[in-house]
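Below you'll find the structure, written out as structure tokens, and then a few comments.
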Amino acid sequence: MERLIFHIDVNSAFLSWESARRVAEGKSDLRLVPAVVGGDPKKRTGIVLAKSVPAKKYNIQTGEPMGMALRKCPSLISVPPDFRLYSKCSKQFKKICAEYAPVMESFSIDEVFLDMTGTSYIYPDPIKTAYEIKDRIKSELGFTVNIGISVNKLLAKMASDFEKPDKVHTLFPDEIAKKMWPLDVKELLFLGKSTAKALHAKGIHTIGQLAACTPEEIDMIIGGKSGRQLLNYARGIDDSPVKEERDEAKSYSIETTVEESISSVEAVLPILLEEVDVVSARMRRDNKKCCCVSVIYRTDDFKRKSRQCKVEPTDISEGIYKKVVELFKTNWKGESLRLIGVSLSDLTDEEYTQFSLFGNDEHDQKRQKMDKTVDALKEKFGYGVIRRASTMNTSDRIGRKVKSDTE
């Protein structure tokens with residue numbers, strides 16, 4: 001039986017979710033004007049996380065500093081991220097998607113894969129079903145998605161990245177030559193900028209030209225397992241299954257994806273800072289402490305790396321952030337990144353805390369009280385009501401606004 005896979009992706013998720021909320025409240029739609037989700041426009045800190053279609057006309061790029069974006073468009077509207085809203089919208093979006101398929105894989109906060117294989121008796125027309133899902137999300141939740149349809153995950157995701165927003169596209173094997181092969185190699189899923197540059201230097205400019213190469217030719221240009229994998233991708237070959245990923249029973253994790261790769265510590269640190277703030281607050285809400293801290297990142301060539309270390313039982317954001325930064329700086333080799341994450345595990349609900357032997361007991365106790373006070377304020381008034389004092393100096397320097405994959 002030939003597989004049938006849907007890839008569903010929210011269009012400009014953070015901005016769409018904020019816009020949908022504002023429209024429901026009778027306010028103006030940010031999707032219709034130059035607008036971004038990002039840092040403080042007055043202090044010009046932070047980075048652009050999501051942008052409207054009108055903002056794209058000013059060549060504003062996701063991941064660029066807010067100061068640069070404002071120079072391109074002085075009238076640009078900037079709103080801060082709201083992770084509570086994103087989590088709510090993500091769950092609503094995925095709940096609808098899950099109703100249509102026996103297996104759903106959450107690929108990020110705003111995209112999923114549905115394995116629709118064997119559902120032909122229920123949904124005889126997959127394109128009609130895709131439009132039903134798309135239109136239902138738009139009608140019930142107020143934001144749009146793109147849906148790609150094919151026989152594997154790679155082609156389905158490539159299809160969903162065609163013309164946006166609010167579209168359904170197919171990319172079946174007999175459509176590859178017409179729809180995918182004319183594209184620049186840089187458009188191939190999981191092919192990074194450095195690899196695209198190397199291929200261009202050898203006269204390989206399109207995905208079709210890459211697909212026509214022999215394995216030996218690719219070995220000379222790229223080499224290793226990744227080269228053969230990219231050759232398969234260019235030919236539309238991908239056997240990876242759609243996996244239903246369940247939440248870990250004893251951990252708190254968050255992952256941040258970026259639309260464009262980042263390769264500087266300055267761009268990574270505010271993401272780590274925001275992630276620690278989110279997951280540590282969730283952990284404190286459940287009266288837990290972690291004994292293991294992990295940092296996760298995924299490179300342009302889709303290699304996923306994770307590093308962890310043991311810590312004394314803690315729920316203090318400041319200490320967790322310092323340890324996460326130490327782990328990242330020690331292990332990152334300068335690769336371009338598309339995903340950064342933090343995980344807190346090896347949990348305990350014991351009431352005692354083994355304070356430091358270096359005379360910082362009072363400091364830790366003050367930080368615990370401050371964290372809980374901040375949590376309570378955000379719980380009552382929303383995420384953006386206050387900035388955490390324990391990380392204020394750092395966030396003033398680098399900005400705290402990030403895009404997050406959390407559920």
Side-chain angles (χ1 to χ4, degrees), residues 8-25 27 29-31 35-40 46-52 55 62-63 66 77-98 104-112 137-138 140-146 164-165 245 247 252-260 270-283 285 296 317 338-344 374-375 377-388 395 399-407:
I8 307 179
D9 186 11
V10 179
N11 300 133
S12 192
F14 286 10
L15 191 97
S16 291
W17 290 337
E18 178 65 36
S19 298
R21 173 171 64 180
R22 291 184 175 223
V23 170
E25 294 173 349
K27 300 178 181 178
D29 192 338
L30 295 177
R31 291 167 289 195
V36 299
V37 174
D40 188 338
I47 60 175
V48 174
L49 305 176
K51 58 188 180 295
S52 64
T62 302
M66 278 298 304
I77 298 174
S78 176
V79 296
D82 184 338
F83 296 103
R84 189 180 306 280
L85 172 67
Y86 304 158
S87 179
K88 176 184 176 182
C89 291
S90 177
K91 289 176 181 177
Q92 292 173 331
F93 149 68
K94 292 179 180 180
K95 181 180 179 181
I96 290 177
C97 294
M104 181 183 78
E105 177 180 337
S106 295
F107 194 64
S108 72
I109 192 173
D110 59 355
E111 54 185 324
V112 299
I137 291 170
K138 184 177 182 179
E140 295 183 16
L141 303 180
F143 53 86
T144 63
V145 300
N146 261 41
K164 296 182 178 183
E245 299 177 352
D247 294 337
Y252 298 87
S253 62
I254 182 171
E255 293 182 351
T256 297
T257 56
V258 291
E259 295 180 11
E260 300 173 5
I271 297 176
L272 292 176
L273 184 61
E274 202 70 67
E275 290 178 331
V276 167
D277 199 24
V278 172
V279 292
S280 59
R282 290 166 56 194
M283 182 173 65
R285 181 187 61 197
I296 307 106
S317 294
R338 296 298 296 271
L339 178 148
I340 303 100
V342 170
S343 177
L344 309 180
V374 170
D375 292 345
L377 288 171
K378 290 180 177 180
E379 180 72 26
K380 184 174 182 178
F381 297 108
Y383 192 89
V385 69
I386 192 169
R387 298 171 62 189
R388 188 170 295 282
S395 64
R400 299 183 64 226
K401 310 307 180 185
V402 304
K403 179 179 180 181
S404 169
D405 291 343
T406 182
E407 295 185 52

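These values consider heavy atoms only, across backbone and side chains, with no hydrogens, waters or symmetry-generated copies. Everything numeric here is computed off the predicted structure, so don't read it as measured data.
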What I'd like to find out is whether the side chain of M66 reaches to under 4.5 Å of the side chain of V36, using heavy atoms alone.
yes

Contact check, side chains of I137 and C97, non-hydrogen atoms, under 4.5 Å:
yes

So, using salt bridge (Lys or Arg N to Asp or Glu O under 4.0 Å) as the criterion, who are the partners of K95 when residues are at least two apart?
none

I296 vs S343, test: side-chain contact (heavy atoms from CB on, under 4.5 Å). Steps then yes/no.
CA-CA 8 Å; I296 307 106; S343 177; 3.9 Å; yes

Decide, yes or no, whether a salt bridge links E25 with R22 under the criterion of side-chain N to carboxylate O below 4.0 Å.
no

More than 12 non-hydrogen atoms from neighbouring residues, nucleotides or ligands closer than 6.0 Å to NZ on K164, yes or no?
yes

Any sub-3.5 Å donor-acceptor pair from S317's side-chain atoms to S280's backbone N or O?
no

Approximate separation, where rounding is to 0.5 Å, of R282 CZ and S253 OG
6.5 Å

Under the 3.5 angstrom rule, does the side chain of S12 hit a backbone N or O of K51 as a donor-acceptor pair?
yes

To the nearest 0.5 Å, what is the distance between CD1 on I109 and CD1 on I254?
7.5 Å

Would you indicate whether the side-chain heavy atoms of I8 and F93 approach each other to under 4.5 Å?
yes

By side-chain contact (heavy atoms from CB on, under 4.5 Å), which residues pair with K88, not counting sequence neighbours?
Q92

Distance from L30 atom CG to E18 atom CD, nearest 0.5 Å?
6.5 Å

Would you indicate whether the side-chain heavy atoms of D9 and F107 approach each other to under 4.5 Å?
no

So W17 and Y86, would you call those rings parallel, tilted or perpendicular, with 30° and 60° as cut-offs?
tilted

Evaluate N11 against S16 for side chain to side chain donor-acceptor pair (under 3.5 Å), listing each step before the verdict.
CA-CA 7 Å; N11 300 133; S16 291; over 6 Å; no

Sorted by chain and number, sequence neighbours left out, side-chain hydrogen bond (donor to acceptor under 3.5 Å, both in side chains) with R31 holds for D29

Any donor-acceptor N/O pair, S52 side chain to A35 backbone, under 3.5 Å:
yes

Any chance you could measure L339, atom CG, to I271, atom CD1, to the nearest 0.5 Å?
9.0 Å

